[in-house]
Trainee: 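Would you mind keeping the following structure in view while I ask a few things?
Bear in mind that the values here come from a model prediction, so they are computed numbers and not experimental data. Because only heavy atoms are used, hydrogens play no part in the values below, and waters and symmetry mates are left out as well, while side chains stay in. Read the numbers this way: they start at 1 and go in the same order the structure lists the ligands and their atoms.
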Amino acid sequence: SAPGFSPAVVIGTGYGAAVTALRLGEAGIPTLMLEMGQLWDTPAADGRIFCDMLNPDARSMWLKDRTEMPLASFLWFGINRDIERYTGVLDRVHYGDMSVYLGRGVGGGSLVNGAMAVTPSRSYFEEILPGVDADEMYGTYFPRANAELGVNHIRPEWFETCQAYKYARVSRKHAEKAGFATTFVPSVYDFGYMEREEAGEVPRSALGSEVIFGNNHGKRSLDKSYLAAALGTGNVTIRTLREVRGISRRSDGTYALTVRRLGTDGSVLGTTEIGTRYLFLGAGSIGSTELLLRARDTGTLPLLGEEVGRGWGPNGNVMFGRANHMWDPTGSTQSGMPALGIDAWADQSVFAEVAPAPAGTETWLSLYLAITRNPERGHFTYDAASDSARLHWTAEQGKPSIDAAKAVFDEINRVNGTIYRYDLFGDTRAFENRFTYHPLGGLVLGAATDGYGRVREYPNLYVTDGSLIPGSTGVNPFVTITALAERNIERILAEDL
Ligand code: FDA
């Protein structure tokens with residue numbers, strides 16, 4: 001095809017994007033992926049691709065002068081540090097009362113996330129996406145997603161004895177004493193590798209405080225699963241440090257993309273135009289929503305409707321810690337990959353992952369990231385002055401999440417004679433709900449798009465990622481995003497291409 005034209009373009013390289021590119025490539029369709037982050041495959045001078053949480057450097061964050069960790073402090077001592085401004089792997093995007101953590105690079109969120117690979121309960125899935133055939137999802141697409149992602153399970157005997165999950169066993173004991181059930185969490189981190197880490201046979205990653213800034217070993221991130229398979233078809237090309245800024249439609253019905261070429265210091269090295277017939281948005285809830293809002297409100301895709309930018313939620317995320325008794329240490333080596341959750345979803349609408357605090361030293365901290373049922377939704381508007389999307393979400397809207405988590409954990413504290421930690425979030429609050437790891441919505445399935453992610457007003461324009469899900473999945477979301485993308489691209493390939 002002509003230079004500057006690709007029959008299909010996928011924006012982004014996260015879950016939705018990677019699924020879509022693989023299936024397009026398998027169908028023989030030449031496909032170009034445009035990713036604003038880097039390809040993380042080359043060791044730096046220290047021999048490692050990624051830095052760990054205890055020694056963050058320029059690689060840690062996307063164009064920041066200082067790290068912005070989820071736990072701002074221990075005993076009120078700040079743990080963030082100055083870094084060189086660089087196209088690092090973790091971004092934190094700020095909007096008023098809410099900030100959103102995002103992965104940047106080939107693999108998107110899979111590079112930085114905790115690898116928890118959870119299929120939602122069928123009843124809740126049916127509630128949030130009533131238009132999607134649940135028989136098909138649970139019969140075909142969830143199994144397909146689990147297989148392609150390489151989801152695996154911890155060996156229960158090992159869990160009971162290893163040092164690395166002492167922190168999870170302590171939390172389990174406290175939860176069970178209060179009558180709450182716990183469950184193992186499937187993962188795309190290779191638990192066999194983790195066992196060899198603890199045995200001292202292989203370099204440490206999960207057990208070496210590697211999480212949120214990337215894992216040098218053990219994790220089956222998308223570059224090792226879907227994207228490797230996509231490249232293997234011979235029909236998929238990935239271009240990195242390419243940020244799509246604008247989308248318009250030409251008179252022949254093809255799309256024109258305005259693409260910035262970025263330097264690793266964030267500078268814009270140049271701007272090019274790329275044309276395509278089939279355009280798939282996989283830039284994530286924040287990225288894809290912003291692209292369509294900008295296109296609508298600057299008039300390059302003027303027919304886009306009112307639903308663009310609506311139905312956003314943080315998956316009810318709230319983080320908090322409990323202070324343990326002296327006789328309940330949680331261990332100085334903690335696996336950065338969670339393996340256990342407290343499942344109070346059915347009665348109290350709380351699924352709390354037992355999160356690590358891999359500080360490399362004893363902290364007597366039990367940390368949790370709870371996913372709660374919160375019916376509040378935010379929305380985005382386009383801000384012309386900054387040429388970006390603005391999220392409308394207030395602290396008040398996060399309150400149902402805190403109330404739900406508090407109901408469960410007040411009881412756990414009461415029964416165990418423990419208290420919350422008040423030193424973790426930079427002030428004295430116990431519950432932090434001003435950030436999310438799980439942005440969802442903005443281009444909701446069946447609202448901004450049809451039932452398969454097709455943008456209604458524009459033929460051959462599709463949404464593939466977390467922006468399709470209306471604000472909540474009740475569990476960690478990447479398996480849902482992956483399975484939904486599998487379902488949608490199968491239909492689109494059969495009917496549209
Ligand atoms: P995703 O965000 O993965 O990918 C979007 C990609 O598009 C990115 O690579 C981005 O750089 C790129 N992009 C954006 N705008 C662009 C533009 N204009 N031009 C070019 N490229 C652009 N989930 C889970 O299920 N289990 C877990 O354990 C965790 N843990 C976790 C920890 C942390 C720290 C984070 C930040 C997130 C998680 N998550 C998680 C959430 C999970 O990672 C997230 O839901 C998915 O990555 C979202 O997948 P998407 O396909 O929607 O986009």
Trainee: Tell me if the centroids of the rings in F435 and Y437 come within less than 6.0 Å of each other.
Mentor: yes

Trainee: Does the separation of the ring centres of Y95 and W393 fall below 6.0 angstrom?
Mentor: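 Distance test on ring centres: not under 6.0 Å, no.
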
Trainee: Which residue pairs satisfy the salt bridge (charged side-chain N to carboxylate O under 4.0 Å, His left out) criterion with at least one member in residues 439-448, sequence neighbours excluded?
Mentor: none

Trainee: Report every pair formed by an N or O atom of ligand 1 and a protein N or O atom separated by less than 3.5 Å, giving atom names and the distance to 0.1 Å.
Mentor:
residue	atom	partner	partner atom	Å
ligand 1	3 (O)	G109	N	2.9
ligand 1	9 (O)	E35	OE1	2.7
ligand 1	9 (O)	E35	OE2	3.1
ligand 1	9 (O)	G105	O	3.2
ligand 1	11 (O)	E35	OE2	2.7
ligand 1	11 (O)	R104	NH1	3.4
ligand 1	18 (N)	V244	O	2.9
ligand 1	19 (N)	V244	N	3.0
ligand 1	21 (N)	M36	N	3.2
ligand 1	25 (O)	M116	O	3.3
ligand 1	25 (O)	P477	N	3.2
ligand 1	25 (O)	F478	N	2.8
ligand 1	26 (N)	M116	O	2.8
ligand 1	28 (O)	G114	N	3.4
ligand 1	28 (O)	A115	N	3.2
ligand 1	28 (O)	M116	N	2.9
ligand 1	30 (N)	G114	N	3.1
ligand 1	43 (O)	N113	ND2	3.1
ligand 1	51 (O)	Y15	N	3.0
ligand 1	51 (O)	G16	N	3.0
ligand 1	52 (O)	G466	N	2.9

Trainee: Checking Y86 against D57: is there a side-chain donor and acceptor pair closer than 3.5 Å?
Mentor: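 No, no side-chain donor-acceptor pair sits under 3.5 Å.
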
Trainee: Are R204 and E210 within salt-bridge range, i.e. N to O under 4.0 Å?
Mentor: no

Trainee: Would you say the ring centers of F184 and Y165 fall short of 6.0 Å from each other?
Mentor: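 No; Y165 has its ring centre 6.0 Å or more from that of F184.
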
